[in-house]
A.B. asks: 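Sharing a structure below in structure tokens format, with a few things to ask.
What you see below is based on every heavy atom in this structure, not just the backbone, and it leaves out hydrogens, waters and symmetry mates.
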Amino acid sequence: MAKVFLWISAVMLAIFVIKTQYLTSKTYEPFIAGCVASGNATPEQCTCLSDYVHKRYSDNEVQAVMDNRLGDALSQRKVEQDILRGSQLCANEQ
């Protein structure tokens, strides 16, 4: 019985390590910090907007948005529309 608990513990530890090291967003907190630093929104609105953006874009895409290195004008326009839509949604919820 002790071996079963040992194996369960090992699997849970592996899941925890994988989740914390590889599945967490590296841009979530910096996005919120940048939003709050703009002075135009509350921390709650920025958290809402970060949730909205991270549901629609990958970490690499969010990093590209934050670095202002979007590809073409069409993708830039789409990102602007999504952020505007998310901003309006989050402003109405507060």
A.B. asks: Rounded to the nearest 0.5 Å, what separation is found between the CG atom of Leu89 and the CG atom of Asp51?
C.D. replies: 10.5 Å
A.B. asks: Kindly indicate whether the side chain of Gln76, heavy atoms from C-beta on, has any atom under 4.5 Å from the side chain of Val79.
C.D. replies: no
A.B. asks: With the side chain counted from C-beta on, respond yes when Ile83 and Val65 share a heavy-atom pair under 4.5 Å apart, and no when they do not.
C.D. replies: yes
A.B. asks: Going by side-chain heavy atoms closer than 4.5 Å, which hydrophobic residues are tied to Val36, directly or by a chain of links?
C.D. replies: Tyr28, Ile32
A.B. asks: With sequence neighbours excluded, tell me which residues meet salt bridge (charged side-chain N to carboxylate O under 4.0 Å, His left out) with Arg85.
C.D. replies: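 Asp82.
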A.B. asks: Measure from the side-chain N and O atoms of Gln81 to the backbone N and O of Lys78, and report whether any donor-acceptor pair falls under 3.5 Å.
C.D. replies: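 Not confirmed, Gln81 side chain does not pair with Lys78 backbone.
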A.B. asks: In chain order, what residues pass the side-chain contact (heavy atoms from CB on, under 4.5 Å) check against Asp72, with sequence neighbours excluded?
C.D. replies: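 Checked Asp72 against side-chain contact (heavy atoms from CB on, under 4.5 Å); matches are Leu74, Ser75.
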A.B. asks: Looking only at non-hydrogen atoms, find the nearest pair between Pro30 and Met66 and report the distance.
C.D. replies: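 Heavy atoms only, the tightest pair is CB-CE, 3.8 Å.
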A.B. asks: Using the side-chain contact (heavy atoms from CB on, under 4.5 Å) criterion, which residues pair with Leu84? Sequence neighbours excluded.
C.D. replies: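 Result, side-chain contact (heavy atoms from CB on, under 4.5 Å) vs Leu84: Gln88.
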A.B. asks: Could I get the full list of side chain to side chain donor-acceptor pair (under 3.5 Å) partners for Thr27, not counting sequence neighbours?
C.D. replies: Ser25, His54, Asp59
A.B. asks: Rounded to the nearest 0.5 Å, how far does OG of Ser87 lie from CG of Asn40?
C.D. replies: 9.5 Å
A.B. asks: Ser50 side chain to Cys46 main-chain N or O, any donor-acceptor pair under 3.5 Å?
C.D. replies: no
A.B. asks: Just to verify, what does Gln63 make a side chain to side chain donor-acceptor pair (under 3.5 Å) with, not counting sequence neighbours?
C.D. replies: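 Only Asp67 meet the side chain to side chain donor-acceptor pair (under 3.5 Å) criterion with Gln63.
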A.B. asks: Can you tell me how far CZ of Phe31 sits from OH of Tyr52, rounded to the nearest 0.5 angstrom?
C.D. replies: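 So the gap between those two atoms works out to 11.5 Å.
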